[in-house]
Amino acid sequence: MSGNTFGTQFRITTWGESHGPAVGVVVDGCPAGLPLSEADIQVDLDRRRPGQSKASTSRSEEDKVEILSGIFEGRTTGTPISMIIRNKDARPLAYDAIRNTPRPGHADYTYQAKYGLRDHRGGGRSSARETVGRVAGGAVAKKLLAQSGIDVVGYVTELGGIKASIQSMRPSDLRSAAETNPVRCPDREAAALMLQAVEEARKEGDSIGGSAEILAVGVPPGLGEPVFDKLDADMAKALMSIGAVKAVEIGVGIECARMRGSQMNDPLAFVEGTESKVGFETNNAGGILGGISTGSPVLCRIAVKPTPSISKRQRTVDLVAKGVAEIEVKGRHDPSIPPRIIPVAEAMAALVLADHLLRQRSARLID
Ligand SMILES: Cc1cc2nc3c(=O)[nH]c(=O)nc-3n(C[C@H](O)[C@H](O)[C@H](O)COP(=O)(O)O)c2cc1C
């Protein structure tokens, strides 16, 4: 199975399945000398961890990370950083019912069609457990970015049709406000309604989808490798590679189709108090022009579908008995994915930026 590695210079390979003994990641290409401890990684793993609220699955994993290589006396050595996180709360029997009856909306049928066999327990490698490795690798990327003053923050902007109002909020406030509630929405009033919507869907044996934004501040101008590794192209791939993400927007995104050039273009201006530092009056471009960062915040938006595993009765087929079938999906599932996707999406955006930050160091000779 190929396709488990992401990145060019700063690269991760994730491994492991939902109901195997462990999941993990190998980070390759991280420069030597970065101060790094298990505590740095654990912060984001704790944010991703299931079983923390009614907005997430009740699977209870402590998700303690163990770093196996690549660190000496608290600093990276430039060699591969291997991390393992053990699966402790697997309940494989809950998935017996879907061994031969693929869940609508999940990857059961396509894995079977591709490989001819599959680990059906908890969705195997198509499970959100795989994202543990992304978050651990992303935490290393975030630490590297922090050294250059780059910060990545994610938050929910819409859930079950309820929209947040966040236009007037500063990036630093977005994080603190979002992390105070289980749906990770910075707008407190909207968050309360969203939580209600999650509860209602859960009671009905159903699920809801939503949207989230990922904002990177402090990104210098110049990151991105035209033409095929443009920053926006890599961001789109990174975010779209997360299960359940069905659309990615940069800046105003889809809305640009309804705008005029005079509305869309961000006027250039010198940053106040300087005569040489270029900035932009607006940021419709989402901080990227020609695939290269402009120096404005990089803004991405993702649309996340409703969780496919629902306990409502659904039609499927029995691949062994070769007949039509109905299933009610058992096991423990997130009634809504966006609140849990935030640390994963931040990790993927951080991985892209760390990769391009390192690649930029070999892009020019002229100061
Ligand atoms: C953080 C996160 C949590 C998820 N939780 C669940 C879940 O509890 N149950 C489920 O059926 N799918 C869940 N998913 C979605 C599936 O992994 C995804 O829908 C599936 O792999 C099919 O891929 P696709 O939706 O991209 O086509 C989750 C995804 C993420 C990123």
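In this chain, residues are counted from 1 in sequence order. Just so you know, ligand 1 is whichever comes first in the structure, and atom 1 is the first atom listed for that ligand.
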Distance-only N or O hit between ligand 1 and Thr307, under 3.5 Å
no

Got more than 12 heavy atoms from elsewhere within 6.0 Å of NZ, Lys312?
yes

Which is it for Met348 and Ile242 under the side chain to side chain contact (heavy atoms under 4.5 Å, CB included) test, yes or no, and what are the steps along the way?
CA-CA 9 Å; Met348 292 312 297; Ile242 306 170; 3.8 Å; yes

Report the part of Asp334 (side chain from C-beta onward, or backbone N, CA, C, O) that has a heavy atom under 4.0 Å from ligand 1; answer both or neither where that applies.
both

The residue among Leu144, Ile81, Leu36 that forms side chain to side chain contact (heavy atoms under 4.5 Å, CB included) with Val27 is Ile81

Please, which pairs that meet ring-ring contact (aromatic ring centres under 6.0 Å, His included) have at least one residue in residues 73-103, sequence neighbours excluded?
His19-Tyr95

Could you list which atoms of ligand 1 come closer than 4.0 Å to a heavy atom of Gly243?
26 (O), 29 (C), 31 (C)

Looking at Asp355, Asp28, Leu353, which hits side chain to side chain contact (heavy atoms under 4.5 Å, CB included) with Phe10?
Asp355

Looking at Asp151 and Arg175, does any basic side-chain N land under 4.0 Å from a carboxylate oxygen?
yes

Answer yes or no: does an N/O atom from Gly105 fall short of 3.5 Å to an N/O atom of ligand 1?
no

Looking only at distances, please establish whether an N/O atom of ligand 1 is found under 3.5 Å from an N/O atom of Thr131.
no

Start with the C-alpha gap between Val329 and Ser311, add the side-chain angles, then the distance that decides, and say whether side chain to side chain contact (heavy atoms under 4.5 Å, CB included) holds.
CA-CA 5 Å; Val329 181; Ser311 57; 5.9 Å; no

Consider ligand 1: state whether an atom of it lies below 4.0 angstrom from any non-hydrogen atom of Lys246.
yes

Provide, to 0.1 Å, the distance between atom 18 (C) of ligand 1 and the closest protein heavy atom, together with that atom's residue and name.
Ala244 N, 4.0 Å

In the protein, what heavy atom is nearest to atom 16 (C) of ligand 1, and what distance, to one decimal place, separates them?
His106 NE2, 3.7 Å

Any atoms of ligand 1 less than 4.0 Å from a non-hydrogen atom of Lys305? List them with their elements.
19 (O), 24 (P), 25 (O), 27 (O)

Lys/Arg-Asp/Glu bridge criterion (N-O < 4.0 Å) met for Glu17, Arg125:
no

Which of the numbered atoms in ligand 1 are below 4.0 angstrom from a heavy atom of Ile242?
31 (C)

What I want to find out is whether Lys330 reaches Asp96 closely enough, with some N-O distance under 4.0 Å, to be called a salt bridge.
no

Minimum-distance protein heavy atom relative to atom 2 (C) of ligand 1:
Ala128 CB, 3.4 Å

Protein heavy-atom partner closest to atom 13 (C) of ligand 1 - residue, atom, separation in Å:
Ile337 CD1, 3.8 Å

Do the charged groups of Lys230 and Asp232 touch, with an N to O distance under 4.0 Å?
no

Tell me, which protein residue and heavy-atom name are nearest atom 9 (N) of ligand 1, and how many Å apart are they?
His333 ND1, 2.9 Å

Among all protein heavy atoms in this structure, tell me which lies nearest to atom 1 (C) of ligand 1, with the distance rounded to 0.1 Å.
Arg340 O, 3.8 Å

Is there at least one pair of N or O atoms, one from Ser126 and one from ligand 1, spaced under 3.5 Å apart?
yes

Can you report which non-hydrogen protein atom sits closest to atom 11 (O) of ligand 1, along with the distance?
Ser309 OG, 2.5 Å

